[in-house]
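Worth knowing before you read on, the calculation uses all heavy atoms, side chains too, and leaves out hydrogens, waters and symmetry mates.
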Amino acid sequence: TFFAVFGLLYCGTEAALGAWVLTYVHRLDFHLSAAPPLAASCFWLALLIGRAVAPAVLLHVREERLLAVALISAFIGVAALLTLHSLPVVMLSAALAGFSMAPIFPICVAIFMALTPDPAETRWMFAVAGLGSATLPWATGQLSARAGSLHTGLLVPLLALAIMLVMMRWPGGGTDLFRNVFQRREEHPLPPSGITFLPTS
């Protein structure tokens with residue numbers, strides 16, 4: 001359940017930002033026609049670079065620590081996008097949000113598959129996560145239409161990131177759950193040579 005909700009919120013946040021950031025920057029009216037596509041490109045390019053860099057970072061940083069840092073950075077990026085309206089800062093904020101969100105879902109999928117003995121059982125998690133990609137962009141648009149402001153609508157992905165941060169600190173979930181997985185691995189280390197010696201009678 002934890003990973004399903006987490007995946008739903010993450011996929012919805014990524015989809016909402018990807019779908020609405022271009023329109024949002026366009027409405028800021030920077031008098032530069034290239035500004036909206038540049039901001040959207042910063043988000044997606046940073047997300048792509050982050051996915052490429054994450055495996056190297058994970059060689060030196062524990063998964064739960066990288067996940068916490070990524071969530072905090074993504075929250076700061078989206079908050080800056082909504083509050084600071086100079087073009088360089090908007091582009092930097094979009095890039096920060098995209099880069100920070102890159103490792104979140106892959107880490108959660110890896111941990112979930114480590115906890116699940118049958119990989120086929122992961123299908124329901126992906127199905128629930130896919131609902132986020134459909135519902136959160138829609139909720140962003142609906143709130144924007146009712147409030148008459150896309151700025152207000154983009155509070156939806158910001159709130160989703162805040163909920164994910166709370167879930168990371170929730171007792172028994174998030175950081176505690178990941179730490180238990182790693183402790184379990186440490187309790188049963190593999191033999192250094194890969195050879196198992198059987199006891200003799």
Side-chain angles (χ1 to χ4, degrees), residues 1-51 67 70-106 108-109 124-170 173-174:
T1 302
F2 172 86
F3 288 102
V5 174
F6 208 87
L8 184 149
L9 292 171
Y10 170 81
C11 291
T13 300
E14 180 184 302
L17 290 174
W20 289 106
V21 68
L22 189 147
T23 304
Y24 173 73
V25 176
H26 176 74
R27 292 184 182 179
L28 292 178
D29 194 17
F30 285 116
H31 303 290
L32 179 65
S33 59
L38 278 175
S41 297
C42 284
F43 175 78
W44 289 113
L45 183 60
L47 185 70
L48 180 63
I49 293 173
R51 290 273 165 86
L67 189 58
L71 282 170
I72 293 170
S73 299
F75 184 89
I76 292 172
V78 177
L81 185 67
L82 296 180
T83 55
L84 305 175
H85 294 157
S86 69
L87 181 56
V89 175
V90 164
M91 294 176 64
L92 183 61
S93 301
L96 176 62
F99 187 80
S100 301
M101 292 182 66
I104 297 174
F105 192 63
C108 288
V109 171
W124 65 269
M125 190 200 79
F126 287 105
V128 173
L131 289 176
S133 299
T135 55
L136 263 67
W138 172 83
T140 300
Q142 290 295 310
L143 180 58
S144 173
R146 291 179 180 274
S149 169
L150 184 53
H151 181 277
T152 302
L154 285 173
L155 292 176
V156 171
L158 187 67
L159 177 62
L161 286 168
I163 294 173
M164 285 189 279
L165 279 168
V166 172
M167 291 177 68
M168 282 297 297
R169 301 303 302 167
W170 198 264

Side chain proximity check, H31 to D29, heavy atoms < 4.5 angstrom: yes
Which atom of P36 lies closest to which atom of H26, heavy atoms considered: CG-CA, 3.6 Å
Shortest non-hydrogen separation from M101 to F43 and the atoms involved: SD-CE1, 4.4 Å
Closest contact, heavy atoms only, W20 versus G141: CZ2-CA, 3.6 Å
Point-to-point distance, once rounded to the nearest 0.5 Å, from CG of L8 to CE of M164: 10.0 Å
From L9 atom CG to L71 atom CG, the distance as rounded to the nearest 0.5 Å: 10.5 Å
Gap separating the CD atom of E14 from the OG atom of S133, nearest 0.5 angstrom: 7.0 Å
Taking every non-hydrogen atom, the tightest pair across G12 and P137: O-CD, 4.0 Å
L92 side, atom CG; S86 side, atom OG - distance, nearest 0.5 Å: 9.5 Å
Heavy-atom side-chain proximity of V78 to L154 below 4.5 angstrom: no
4.5 Å side-chain heavy-atom contact, L158 and F75: yes
Point-to-point distance, once rounded to the nearest 0.5 Å, from CZ of F6 to CD1 of I104: 6.5 Å
Check: L136 and P157 side chains under 4.5 Å, non-hydrogen atoms: no
Approximate separation, where rounding is to 0.5 Å, of L81 CG and I76 CD1: 13.5 Å
A74 to S100 - nearest heavy-atom pair and separation: N-CB, 3.4 Å
Stepwise side chain to side chain contact (heavy atoms under 4.5 Å, CB included) test for L67 and C108: CA-CA 9 Å; L67 189 58; C108 288; 4.2 Å; yes
Neighbour count >12 (heavy atoms, 6.0 Å) for atom CH2, W138: no
Any side-chain heavy-atom pair of S144 and V156 under 4.5 Å: no
Parallel, tilted or perpendicular: ring planes of Y10 versus F105, cut at 30 and 60 degrees: parallel
Residue pair L87 / F30: nearest heavy atoms and the distance that separates them: N-CE2, 3.5 Å
